[in-house]
Participant: 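Below is one structure. I have some questions about it.
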Amino acid sequence: VPRCNPEGKLFITKECSTSVIDNQAALNYNLTVNNIGDAALDNVQFTDIIAIPTSFRIGTIQVTPPSLNIDTGTPGQIRISGNLGTILPGGQVVISYSIQITGVVSPGSYIITNMAAATATGTQAFANCSTSLNAVQLSTDKCCSIDGNNAVYRVLVSSVDASPNVTVNIVDLFFIPGGVTIRFTTFGDCRAVFSDTGEHVPLGVDITGPRGIQILCTNVLIPQNGSIHKEIGLILISSSVPGITTIANQIQSVTPTNPGDQLFLGAGVLPERANINVELSLTCLNPC
C-alpha cells in the first residue's frame with residue numbers, strides 16, 4: 001500500500017506583554033516554535049520584527065537562546081533572527097526576549113506590534129501579537145486668593161499633550177506658624193491629618209500653630225486632555241505674631257495610584273508653593 005512520505009510542519013505560539021516596575025518599562029515576549037509534523041526539520045530559520053515607536057529609548061535587550069541575533073540598525077524596528085537548528089517531530093524550541101524601555105520622549109498611548117516567522121524546507125509558520133504602553137505626563141499649579149480673613153488655596157493638576165487617563169494620589173503639605181490660629185472650611189473632598197500624630201484634622205475648629213498638616217487626595221482621575229482642581233479653604237481667626245509670619249502650603253507630590261499600569265513622565269517641578277503672609281491682614285504670595 002503506497003504511503004505518503006513523512007513531513008515536518010512548523011507551528012508557532014506566542015505571547016507578549018508590557019511590565020512597568022519602579023517606573024521602568026519592559027516589553028516581554030515568549031514564543032514556542034513547534035514541529036507538529038512527523039519528520040525532522042533541519043535548518044529552521046527564525047525571524048521576529050518588532051515595530052518600536054521612534055519616541056522610545058531602547059535599553060538592554062535580553063534574548064534566549066543567546067545565539068539569536070539582535071539588529072537595531074533600522075529606526076523604529078528591532079529584528080531578532082537566527083538558525084534554530086533541527087527540530088524533531090513533536091519537538092520545540094522555546095524563545096524569549098525582554099526589551100527594556102529607558103525612556104519615552106512624548107506622553108501617549110502606544111501600541112507595539114510584531115510578526116514572528118519560522119521557515120524550513122516545505123513549511124513555514126507565522127505568529128503575531130501586540131502589547132501597549134501608556135506614558136503619562138502631568139503639570140501642576142498652585143495659587144491662592146483672599147477675601148478679607150478668608151483664604152482659598154487651589155491645587156490644579158492637568159494632563160499634558162496626549163497623556164491617557166490616569167488616577168493619581170496628591171500629597172499637599174500645610175504649615176501653620178506659631179501664634180497663628182485658623183479654622184479650615186474645606187479640604188476639597190480630600191483627607192487631612194496632622195503630620196505629627198496622623199489624627200484627622202476637623203473642619204470648623206480653631207487650630208493654633210505651630211502645626212503641620214498633610215492633605216491627602218487619593219484616587220483622583222485626571223482625564224485625557226483635562227484637569228482637576230481641589231480647594232483648601234480657611235479663615236484666619238487671630239495672630240499674636242509681631243510683624244509678618246507665613247502660612248506655608250505646597251504640593252509635595254503627585255504620583256500614579258497604580259504605578260504598574262503606565263510609565264510616569266512626571267508632574268512638573270515639585271514642590272509647587274503658594275504661601276500666604278499673615279500681618280494685620282492676609283497677603284497671598286502667588287495669587288490666582
Side-chain angles (χ1 to χ4, degrees), residues 12-33 46-82 93-118 126-140 157-170 219-226 253-270:
I12 303 175
T13 61
K14 185 172 189 179
E15 296 178 348
C16 55
S17 64
T18 302
S19 60
V20 179
I21 301 174
D22 295 331
N23 209 33
Q24 296 292 314
L27 309 176
N28 306 302
Y29 298 86
N30 293 285
L31 306 90
T32 304
V33 179
F46 173 80
T47 302
D48 194 356
I49 299 175
I50 304 165
I52 299 289
T54 55
S55 61
F56 284 17
R57 292 191 290 269
I58 306 301
T60 302
I61 302 175
Q62 297 178 328
V63 177
T64 301
S67 57
L68 293 176
N69 300 314
I70 302 170
D71 181 0
T72 58
T74 302
Q77 177 178 294
I78 296 174
R79 182 185 180 93
I80 298 173
S81 61
V93 176
V94 176
I95 301 170
S96 64
Y97 25 96
S98 178
I99 302 169
Q100 304 297 316
I101 307 299
T102 61
V104 176
V105 175
S106 303
S109 296
Y110 297 93
I111 303 297
I112 302 96
T113 61
N114 68 310
M115 171 67 78
F126 303 93
N128 58 47
C129 64
S130 63
T131 186
S132 62
L133 175 63
N134 287 337
V136 172
Q137 186 174 5
L138 303 173
S139 66
T140 57
V157 181
S158 304
S159 177
V160 173
D161 296 334
S163 292
N165 294 351
V166 63
T167 302
V168 299
N169 297 333
I170 304 168
N219 297 312
V220 179
L221 175 64
I222 313 298
Q224 184 176 12
N225 300 319
S253 65
V254 178
T255 55
T257 303
N258 302 300
D261 291 349
Q262 68 279 303
L263 195 64
F264 188 54
L265 307 183
V269 180
L270 295 176

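Residue numbers count from 1 along this sequence.
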Participant: Between atom OG1 of Thr47 and atom CD1 of Ile80, what is the distance when rounded to the nearest 0.5 Å?
Facilitator: 10.5 Å

Participant: Locate the shortest heavy-atom distance separating Ser55 from Ser106; write the atom from each residue and the value.
Facilitator: CB-N, 4.5 Å

Participant: So, for Asn128 and Met115, which heavy atoms are closest and what is the spacing to 0.1 Å?
Facilitator: ND2-CE, 3.3 Å

Participant: Leu138 vs Val254, test: side-chain contact (heavy atoms from CB on, under 4.5 Å). Steps then yes/no.
Facilitator: CA-CA 9 Å; Leu138 303 173; Val254 178; 4.0 Å; yes

Participant: Specify the closest pair of heavy atoms between Asn23 and Leu263, including all atoms of both residues, with the distance to one decimal.
Facilitator: O-CD1, 3.1 Å

Participant: Given side chains that start at C-beta, do those of Thr13 and Glu15 come closer than 4.5 Å, heavy atoms only?
Facilitator: no

Participant: On the 0 to 90° scale, with breaks at 30° and 60°, tag the Tyr97-Phe46 ring pair as parallel, tilted or perpendicular.
Facilitator: tilted

Participant: Please walk me through it: do Ser98 and Gln100 pass side-chain hydrogen bond (donor to acceptor under 3.5 Å, both in side chains)?
Facilitator: CA-CA 6 Å; Ser98 178; Gln100 304 297 316; 3.3 Å; yes

Participant: Among Val136, Asn134, Leu133, find the residue that satisfies the side chain to side chain contact (heavy atoms under 4.5 Å, CB included) test when tested with Ser109.
Facilitator: Asn134

Participant: Walk me through it: do Val20 and Gln262 pass the test side-chain contact (heavy atoms from CB on, under 4.5 Å)?
Facilitator: CA-CA 7 Å; Val20 179; Gln262 68 279 303; over 6 Å; no

Participant: Stepwise, does the side-chain contact (heavy atoms from CB on, under 4.5 Å) test hold for Val157 with Ile170?
Facilitator: CA-CA 9 Å; Val157 181; Ile170 304 168; 3.8 Å; yes

Participant: Answer yes or no: is there a side-chain heavy-atom contact under 4.5 Å between Ile50 and Ile99?
Facilitator: yes

Participant: How close do Ser130 and Thr113 get, heavy atom to heavy atom, and via which atoms?
Facilitator: CB-CG2, 4.0 Å

Participant: Take Thr18 and Thr131, measure what side-chain hydrogen bond (donor to acceptor under 3.5 Å, both in side chains) needs, and give me the verdict at the end.
Facilitator: CA-CA 6 Å; Thr18 302; Thr131 186; 2.7 Å; yes

Participant: Would you say Asn28's side chain and Cys16's backbone share a donor-acceptor pair under 3.5 angstrom?
Facilitator: no

Participant: Please check: side-chain N/O of Ser163 versus main-chain N/O of Gln137, any donor-acceptor pairing under 3.5 Å?
Facilitator: yes

Participant: Can you tell me how far apart CD1 (Ile70) and CD1 (Ile58) are? Round to the nearest 0.5 Å.
Facilitator: 11.5 Å

Participant: With respect to Leu221, which candidate in Thr167, Val168, Val166 satisfies the side chain to side chain contact (heavy atoms under 4.5 Å, CB included) definition?
Facilitator: Thr167

Participant: Any donor and acceptor pair, going by atom type alone, linking the side chain of Asn258 with main-chain N or O of Gly260 inside 3.5 Å?
Facilitator: no

Participant: At their closest point, which heavy atom of Gly73 faces which heavy atom of Asp71, and how far apart are they?
Facilitator: N-OD1, 2.8 Å

Participant: Say you draw a straight line from CD1 of Ile52 to CD1 of Ile101; how long is it, rounded to the nearest 0.5 Å?
Facilitator: 5.5 Å

Participant: So, Asn165 side chain and Gln224 main chain: donor-acceptor pair closer than 3.5 Å or not?
Facilitator: yes

Participant: Where do Thr257 and Asn219 come nearest, in terms of heavy atoms and distance?
Facilitator: CG2-OD1, 3.0 Å

Participant: Could you give me the CA-CA distance, side-chain angles and deciding distance for Asp48 and Arg79, then say whether side-chain contact (heavy atoms from CB on, under 4.5 Å) is met?
Facilitator: CA-CA 6 Å; Asp48 194 356; Arg79 182 185 180 93; over 6 Å; no

Participant: Looking at Ser96 and Asn30, would you say the former's side chain and the latter's main chain have a donor-acceptor pair under 3.5 Å?
Facilitator: no

Participant: For the atom pair OH (Tyr29) and CD1 (Ile78), what is the distance rounded to the nearest 0.5 Å?
Facilitator: 7.5 Å

